[in-house]
Chemist: 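Input: one structure, supplied below.
Chain letters run A, B, ... following the sequence lines, proteins first and then strands; every chain starts at 1. Small disclaimer: the values here were computed from a predicted structure and weren't measured.
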Protein chains: 2
Amino acid sequence: MHIDDLSRRLDFLREIDRLKCVVRQSPLLDRSRKENSAEHSWHLAMYALVLADYAAATIDITRVMKMLLLHDIVEVDAGDIPIHGASNEHQAELETRAAERIFGLLPDDANQVFGELWREFEDGQSEDAQFAKALDRFQPLLVNVFTQGGTWSESCVSYEQVLERYGPTIQRGAPALWELARRWVATHFDT
Amino acid sequence: MHIDDLSRRLDFLREIDRLKCVVRQSPLLDRSRKENSAEHSWHLAMYALVLADYAAATIDITRVMKMLLLHDIVEVDAGDIPIHGASNEHQAELETRAAERIFGLLPDDANQVFGELWREFEDGQSEDAQFAKALDRFQPLLVNVFTQGGTWSESCVSYEQVLERYGPTIQRGAPALWELARRWVATHFDT
Ligand SMILES: [Ca+2]
């Protein structure tokens, strides 16, 4: 191990401290403030650990945790795009450039491993990525339901829009979670 | 899977949202505010992923990540005890009761697995726990060094106290990190 290997790894770890300052739309459950992307990533890794048996397929929990821990790191450069916000054509390009710059702080081998895990999550094709994405969609839904509507009320989101924006991703990666979430949503919108 | 299994898991995941409100002594690297224990746990899991090759022994990265993700959850009830704060005799008892209550929200099998991982971390005897503890000590040291003294200046901590409070734990679990950290500390205290 060269000193350069270690110092590059530490540069990366210092750089991603900034994820703690990327503020998401979702509030904390006690509604005291908005959630940031670092603590969100911690919570999602805990969701994966606790809910692994609810995945649609037999998943590799280690890979899912890793994906969830690093899936939002690109937001250090690219910012958080709310699910109900205006779509941004350049976001994908911004995020790709962010991944190159930030993972590129690492030594080559780690850069490649992290970049591949991040792209696998983004692509959402593997069973591990589908479960990770289902959790990334399920957690803010849970927050909205348990904060009397949260970002749905703020953004005037309808029952149909919730079903459409959350349903397919959660259903695909964790059908039992969608089964429950669908009922929460129906109760919330009182349909 | 029973609906009761799922609802207990979700109760736990909602309860630990409160870790985002447990404020630590350490600041963020940009010094904009203090760090909370949830985002700290995320960062430590990333430290483990990025620095695994610097462990004293061949560690099981999955177990180390799990330990680091859940090691501070007891703080939801017991609060964070700063390394340089007054020692509290009852803290260990408070934390044991917190672990029983909070992990006890989970179904029995998960309660047992999480409780055992938490105790393994606390005991600090296994090689996985020793690496996890080394990172939990190394990260705030790094923050102090890169924020011109941070909590050391605030608490009037001396060079000798830093060596004594951080050294053995980091040295045992990740000697190459202590090799570097020791030099940072010497430079910081200008010895
Ligand atoms: Ca701690």
Side-chain angles (χ1 to χ4, degrees), chain A residues 1 3 5-10 12-21 28-30 32-33 35-54 60-63 65-66 68-70 72-73 106-107 109-110 113-114 117 138-139 142-143 146 176-177 179-180, chain B residues 1 3 5-10 12-21 28-30 32-33 35-54 60-63 65-66 68-70 72-73 106-107 109-110 113-114 117 138-139 142-143 146 176-177 179-180:
Chain A
M1 232 79 69
I3 188 70
D5 178 276
L6 179 52
S7 69
R8 292 185 70 168
R9 288 169 193 272
L10 295 178
F12 170 80
L13 289 170
R14 286 164 59 197
E15 181 69 12
I16 66 172
D17 204 61
R18 294 168 56 204
L19 196 60
K20 299 167 188 171
C21 295
L28 302 190
L29 284 175
D30 70 3
S32 58
R33 61 170 172 82
E35 188 182 39
N36 72 58
S37 291
E39 62 197 5
H40 166 70
S41 300
W42 164 76
H43 213 163
L44 284 182
M46 289 300 305
Y47 270 68
L49 257 184
V50 168
L51 299 175
D53 287 346
Y54 290 89
D60 179 334
I61 186 63
T62 305
R63 300 185 75 253
M65 283 196 299
K66 288 179 184 176
L68 288 169
L69 289 170
L70 61 78
D72 271 344
I73 285 175
L106 289 162
D109 54 342
V113 170
F114 282 34
L117 272 170
F138 178 72
Q139 186 253 8
L142 181 150
V143 171
F146 286 94
L177 297 184
E179 184 62 29
L180 175 64
Chain B
M1 234 77 72
I3 189 69
D5 178 276
L6 179 53
S7 68
R8 293 184 70 169
R9 289 170 192 271
L10 296 178
F12 170 80
L13 289 169
R14 286 165 57 196
E15 183 68 12
I16 66 174
D17 204 62
R18 294 168 55 205
L19 196 61
K20 299 167 189 171
C21 295
L28 302 190
L29 284 176
D30 70 3
S32 57
R33 60 169 171 83
E35 188 182 41
N36 72 59
S37 291
E39 63 199 5
H40 165 70
S41 300
W42 164 76
H43 213 163
L44 284 181
M46 290 300 306
Y47 270 68
L49 258 184
V50 168
L51 299 175
D53 288 346
Y54 290 89
D60 179 333
I61 185 65
T62 305
R63 299 185 77 253
M65 282 197 298
K66 288 180 184 176
L68 289 169
L69 289 170
L70 59 79
D72 271 344
I73 284 175
L106 289 163
D109 54 342
V113 170
F114 281 34
L117 271 170
F138 178 71
Q139 185 255 7
L142 181 151
V143 171
F146 286 96
L177 296 185
E179 184 61 30
L180 176 63

Chemist: With sequence neighbours left out, write down each residue that passes side chain to side chain donor-acceptor pair (under 3.5 Å) with A:Ser41, or none if nothing qualifies.
Modeler: none
Chemist: side-chain contact (heavy atoms from CB on, under 4.5 Å), that's the test. Do B:Val143 and A:Asp17 meet it? Break it down for me.
Modeler: CA-CA 10 Å; B:Val143 171; A:Asp17 204 61; 5.6 Å; no
Chemist: What residue, out of B:Ile61, B:Asn36, B:Leu106, has the most heavy-atom pairs lying under 4.5 Å from chain A?
Modeler: B:Asn36
Chemist: Check the pair B:Asp5, A:Asp53 against side-chain contact (heavy atoms from CB on, under 4.5 Å), reporting the backbone distance first and the verdict last.
Modeler: CA-CA 10 Å; B:Asp5 178 276; A:Asp53 287 346; over 6 Å; no
Chemist: Tell me the closest heavy-atom pair linking A:Cys21 and B:Asp30, and the distance in Å.
Modeler: SG-OD2, 3.6 Å
Chemist: Determine the option with the most heavy-atom pairs under 4.5 angstrom with chain A, choosing from B:Lys66, B:Arg18, B:Glu39.
Modeler: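 Max contact count across the listed options: B:Glu39.
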Chemist: Answer with side chain, backbone, both or neither: which region of B:Met46 has an atom nearer than 4.5 Å to a non-hydrogen atom of chain A?
Modeler: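 For B:Met46, backbone and side chain are both near chain A.
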Chemist: For a quick test of reading the model, state the closest non-hydrogen atom pair linking A:Leu69 to B:Trp42 and the distance between them.
Modeler: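 Answer, listing the atom of A:Leu69 first, then B:Trp42: O-NE1, 2.8 Å.
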Chemist: Against chain A, label B:Glu179 side chain, backbone, both or neither, depending on which of its atoms sit under 4.5 Å from a heavy atom there.
Modeler: neither
Chemist: Look at the side chain of A:His43 and the backbone N and O of B:Leu13, then say whether any donor-acceptor pair between them is shorter than 3.5 Å.
Modeler: yes
Chemist: With a 4.5 angstrom heavy-atom cut-off, which part of A:Gln139 approaches chain B: side chain, backbone, both or neither?
Modeler: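 Side chain only.
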Chemist: With B:Ser7, which residues qualify under side-chain contact (heavy atoms from CB on, under 4.5 Å), at least two apart?
Modeler: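 B:Ser7 satisfies side-chain contact (heavy atoms from CB on, under 4.5 Å) with B:Asp4 once adjacent residues are dropped.
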Chemist: Is chain B contacted by the side chain of A:Arg14, its backbone, both, or neither, given a heavy-atom distance below 4.5 Å?
Modeler: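 Contact with chain B involves both backbone and side-chain atoms of A:Arg14.
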Chemist: Chain A: which of B:Thr62, B:Val50, B:Leu28 shares the most heavy-atom pairs with it under 4.5 Å?
Modeler: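 Max contact count across the listed options: B:Val50.
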Chemist: Mind ranking A:Lys20, A:His40, A:Arg9 by heavy-atom pairs under 4.5 Å with chain B and telling me who comes out on top?
Modeler: A:Lys20
